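Worksheet for the structure shown next.
Each chain gets a letter, A, B and so on, in the order its sequence line appears, and its residues count up from 1. Computed from a predicted structure; not experimentally measured.
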2 protein chains.
Amino acid sequence: MRTMSQPVGLPVLAESDLVRQVARRLTDAIVQGRLPPGAKVAEAAVARELGISRAPVREAARLLESQGLLMASPRRGFFVRELSARDVDELYALRLCVERHAAVEAARRLTPETRAALRRQLDLMRDLARRDDPATIVEADYQFHRLICEAAGNARLLRLFDGLASELRIVIGLIGRLYDDPDEIARTHEPVLAAIEAGHPERIVAHVDHHIGVARREVVRLLESLTPQGPPPRNETSETP
Amino acid sequence: MRTMSQPVGLPVLAESDLVRQVARRLTDAIVQGRLPPGAKVAEAAVARELGISRAPVREAARLLESQGLLMASPRRGFFVRELSARDVDELYALRLCVERHAAVEAARRLTPETRAALRRQLDLMRDLARRDDPATIVEADYQFHRLICEAAGNARLLRLFDGLASELRIVIGLIGRLYDDPDEIARTHEPVLAAIEAGHPERIVAHVDHHIGVARREVVRLLESLTPQGPPPRNETSETP
DNA sequence: TAGGCGTCGATTGTCGACACTTTTGGCTTG
DNA sequence: CAAGCCAAAAGTGTCGACAATCGACGCCTA
């Protein structure tokens, strides 16, 4: 068959899929903090607001459920996942584990392009730090770490990272500004990138450990300080299949 | 509100939720190889077979989709994910990353109980190796690794492991017997457990690396040898949000 | 005879409806 | 006045239906 001269990768226009769109909207609302932890996500309300029926909303909710953003409580509906300090600690443990691997792997297969991209991102963060816009900085921070995971060349690892980051953003967005000294965010990332460029696995792991470890303790501490809140769902559904 | 004396976590009788049941059935069918990679999962057929409507089937399919077991192709339906040799390699890379962490952590908080459980599982595997029942051995193998992840005390890590294992079982089930020497499976696990009991992080990592590395090369090699097959879906949906 | 086109059947995406459960609000009662 | 109970309202779980789309088969054309 030779209908087209070449199967040149076209941009794959317009996912007609309502489910994806709803999923994305809900995700945005959650990470932006517009749907705070514990909030009920009423199908009917969402459907009404978007001018669609409940079916696509339910399916989107299922997607977000197994991504850990929502929690399904039978006969009661979906709720934005509430993260205890312990949850966040677990998430950071996984993130550490993932990013360690990602950084080492990224270093192994570092190309001039990705290296430049990382440098550029770091510069961007430095700039933003001067302008002092918390939300934007958090976003840039996320992108920097994401670039590293992308550079590891493992699509699944990237998806995993995105999942962890999404869940964490449930609370990060809540906490707001994480760094007292806005310049610190760039300073703490510099050694990580330097280690990747240098390509010493041990040094990479050490710096990643330190960098994420700091954030981890910080966030967990902050979260523990404002834990006293919670009227929400009734029980964890723990399965052991 | 205090309807019940206490919101003690009840066993949540009879999951009224059809979605979970369908999800589980589909998962079973996939890991048991009854739904082979690339197979189409027709909603109507599944619904008819289970005597229910299509809605719960669709929702279950969404769950499995974001677990990586199914792949949604818009307007075409759901298909059992096909794993290329590269996919499997990526999965093993993640598994390595996860299990390393799990084993080290398990060693750190090793209790006599979990230690006994691990020993017991290893003995079981030795027994099964003598009886030589491939399917059962694979299951026991899986359980051993799962126990380690459980012992790490991170619920999320366990879920992650389950997810990776599910995906891998898509192909493991296909390959069938992995070990020429059935006794080998017990022998290769022994050093891992020994290292965990000894509690030397470096030695643990080394043994886990070796053990999983062997399996990884083995499976990837086997899979590459029978890759020539594939009429299936049409394109990867790669998002970069 | 090989290749392209139109039509038909099958399947998906979405919707509205119905039964049942949970929640809420008010009312009764100690 | 507070606590408990009852009834109405809201929301979920599931279903069957309908339009739009995809794949396949067969026909027409070069």
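Not counting sequence neighbours, the partners of B/Ser66 by the side chain to side chain donor-acceptor pair (under 3.5 Å) test are A/Ser66. Not counting sequence neighbours, the partners of A/Arg156 by the salt bridge (charged side-chain N to carboxylate O under 4.0 Å, His left out) test are B/Asp87, B/Glu90, B/Glu167. For the side chain to side chain donor-acceptor pair (under 3.5 Å) test, residues two or more places apart in sequence or in another chain that qualify with A/Glu59 are B/Arg58, B/Arg62. With sequence neighbours excluded, the residues that form a side chain to side chain donor-acceptor pair (under 3.5 Å) with A/Arg34 are A/Gln32. Every residue two or more places apart in sequence or in another chain was checked for a side chain to side chain donor-acceptor pair (under 3.5 Å) with B/Ser53, and none qualifies.
A/Arg25 CZ: 12 or fewer foreign heavy atoms inside a 6.0 Å radius.
Phosphate proximity of C/dA10 to B/Lys40: absent, as no side-chain N or O sits under 4.0 Å from OP1 or OP2.
For the pair B/Glu43 CD and C/dA10 P, the interatomic distance rounds to 16 Å; values are reported in whole Å. Atom CZ of A/Arg75 is separated from atom P of D/dT14 by 7 Å (rounded to the nearest Å). One interatomic measurement links the two molecules: CZ of A/Phe79 to P of C/dT22, which rounds to 12 Å at whole-angstrom precision.
Among the nucleotides D/dG11, D/dC22, C/dT22, the one closest to the side chain of A/Arg76 is C/dT22. The listed nucleotides are C/dT14, D/dT14, C/dT12; the one nearest the side chain of B/Ala44 is C/dT12. Nearest to the side chain of A/Leu18, among C/dT22, C/dT12, C/dT14, sits C/dT14.
Within the nucleic acid shown, B/Ala42 comes within 4.0 Å of sugar-phosphate atoms alone, with no base atom in reach, counting heavy atoms only.
DNA chain C lies under 4.0 Å from at least one heavy atom of each of the following residues of residues 49-70 of chain B: B/Arg54, B/Arg58.
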